[in-house]
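Notes follow once the structure below has been shown.
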Amino acid sequence: MKFALLKQSALACSALLLTAGVMAADVEVLHYWTAGGEAKSVVELKKIMQAKGHVWKDFAVAGGGGDNAATVLKSRVVSGNSPAAAQVKGPAIQEWASEGVLANLDVVAKSEKWDSLLPPVVADVMKYKGAYVAAPVNVHRVNWMWANAALLKKSGVGAMPITWDEFFVAADKVKKAGFIAVAHGGQNWQDFTTLESIVLGVGGAAFYRDAFVRLDQKALTSDTMKKSLEVFRKMKSYTDAASPGRDWNLATAMVMQEKAAFQFMGDWAKGEFLAAGKVPGKDFLCAAAPGTANAFTFNMDSFAMFKLKDAGAQKAQADLAAAIMGQEFQEVFNLNKGSIPVRMGMNMAKFDDCAKLAAKDFAETAKSGALVPSIAHSMAVKPAAEGALKDAVSQFWNDEKISVADGMKNIAKAAATK
Ligand code: BGC
């Protein structure tokens, strides 16, 4: 009797294991979300996948902006050991797809109706030759300026500056009051994030598009570009001597801790403020970078899915793609990440005023034509030109012996990189 029972339960156990073996699969996800707000966001995706019975294999490669992650991804794919999904965005999705290594997601995209849930401009970035190969997560706005509310008050700055002239007046007051005006991390993608907001503010969206999307040589060597580089150089004198190499989230921490007044950074910085319990509108303020209120530099995070052989792993991958575009994930992830949902028709009730402003401006600029891709965040040009431009921009930022005229020549030359 006892033996029979034991045998029965052993059989039941192995049946359970078998079902689990068929249904559950490892899903390895390469990402670079390692800062406070970012880590909280990615945990939400992990939870959803675990609830579906899959095993989340976290493949986090630290490094803001994702350059390190991109390098690691290349070596994994080249050695025939691709992860199921990797944080890849913009034109790089097309480059990976043209190598023939990405999976076709059309079955899940059709059953989940992605074509009717995504604006066509977004869907086009996720597709290669008409088929979905990546799933979009969010929309980040890059042209933000963040500030510490108490510090502005202590420095006698009444309101967030609206023009660059007003900005430097405010920055002088902050300096005079004994604080650092601009929290900056001297890494090439952060330098370029600052420059792209300046170019947008000084030149407007049409000029930005000519210079940083079309890479038009005339725009890149124009007076407007010269003016932008002058503002950029001036900005440097408002940063502290310890900025070289600093991670972006440590710069955000300087604003939180009342050491620095402003930071120019995309709204993943808001995720960082929120993760630290800071309240928007009270502890910290958000405003479009000076001169850019009517424009929007967008940066969409997305996951490219790589071809896998195992059927269980393919199922897990399809579940991941469906989860990413699901309402539950789009809400909870973006509440933590600082971005807004990319899926249309989402209820924004739980989002804060910065996110609501981003959602409104996203819709308005999509109509007005002032919605432009962020070059610093890999949305605008191919990786080779972006890399060369980042180097030229940071060289100019770091070496004050390079004149504005020479900096401009170097940047224009870098833009021609194929
Ligand atoms: C990504 C964000 C990320 C930020 C800092 C951006 O390029 O789009 O998701 O939080 O870099 O790493």
Side-chain angles (χ1 to χ4, degrees), residues 29-45 58-73 85-93 122 125-126 134-144 146 183-197 212 245-253 255 263-276 296-304 324 329-330 332-342 354-355 358 362 372-381 383 386-387 389-390 393:
V29 183
L30 189 156
H31 64 89
Y32 48 94
W33 289 326
T34 54
E38 295 176 330
K40 274 184 86 176
S41 316
V42 79
V43 157
E44 297 300 335
L45 189 54
D58 201 54
F59 186 2
V61 180
D67 286 349
N68 298 347
T71 308
V72 173
L73 178 63
Q87 207 185 331
V88 175
K89 53 190 178 174
I93 296 175
V122 176
V125 180
M126 304 301 139
V137 171
N138 61 1
V139 178
H140 271 303
R141 186 183 202 175
V142 181
N143 57 314
W144 281 117
W146 307 94
H184 183 73
Q187 295 175 349
N188 67 3
W189 69 272
Q190 295 186 67
D191 300 341
F192 209 2
T193 296
T194 306
L195 178 64
E196 84 174 26
S197 280
F212 282 163
R246 177 187 288 138
D247 287 331
W248 68 271
N249 52 319
L250 300 182
T252 309
V255 177
Q263 184 184 17
F264 293 93
M265 189 49 61
D267 40 22
W268 46 95
K270 192 186 71 188
E272 207 59 17
F273 282 112
L274 297 177
F296 192 120
T297 30
F298 69 89
N299 167 27
M300 291 176 327
D301 287 311
S302 47
F303 282 102
I324 286 173
F329 171 75
Q330 288 279 323
V332 72
F333 177 88
N334 287 302
L335 281 170
N336 284 297
K337 187 72 173 58
S339 38
I340 54 173
V342 67
C354 304
F362 183 68
V372 289
S374 160
I375 178 164
H377 293 277
S378 314
M379 300 303 297
V381 301
E386 183 190 318
L389 277 160
K390 278 182 174 158
V393 167

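Atoms within a ligand are numbered from 1 in the order they appear, just like the ligands themselves.
- For ligand 1, the atoms sitting less than 4.0 Å from at least one non-hydrogen atom of N299 are 1 (C), 6 (C), 7 (O), 8 (O), numbered in the order shown with element in parentheses.
- Taking any N or O of D301, backbone or side chain, at least one lies under 3.5 Å from an N or O belonging to ligand 1.
- Residue G65 has at least one nitrogen or oxygen atom sitting less than 3.5 Å from a nitrogen or oxygen atom of ligand 1, judged on distance alone.
- Per-residue contacts place W248 under 4.0 angstrom from the following atoms of ligand 1 (heavy atoms of the residue considered): 5 (C), 12 (O).
- Under the 4.0 angstrom criterion for non-hydrogen atoms, K337 is in contact with ligand 1.
- The shortest N or O to N or O distance between W189 and ligand 1 is not under 3.5 Å.
- Side-chain atoms of T252 and E272 form no donor-acceptor pair, as typed in the model, at a separation below 3.5 Å.
- Regarding atom 5 (C) of ligand 1, its nearest protein heavy-atom neighbour is E38 OE2, 3.3 Å.
- Within the 4.5 Å cutoff, the side chain of D67 has heavy atoms near those of the K390 side chain.
- For atom 6 (C) of ligand 1, the nearest non-hydrogen atom of the protein is H377 ND1, 3.5 Å.
- Centroid-to-centroid, the aromatic rings of H184 and W248 stay 6.0 Å apart or farther.
- A donor-acceptor contact closer than 3.5 angstrom links the side chains of S339 and N138.
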Exercise. How far apart are the C-alpha atoms of W268 and F273, what are their side-chain angles, what is the distance that settles it, and do they pass the ring-ring contact (aromatic ring centres under 6.0 Å, His included) test?
Worked result: CA-CA 9 Å; W268 46 95; F273 282 112; over 10 Å; no

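- Atoms of ligand 1 found under 4.0 Å from any heavy atom of G64 (numbered from 1 in listed order, with element): 12 (O).
- Between F192 and F212, the ring center distance clears the sub-6.0 Å criterion.
- N143 and S197 make their closest contact through CA-OG, 3.4 Å (heavy atoms, listed as atom of the first residue, atom of the second, distance).
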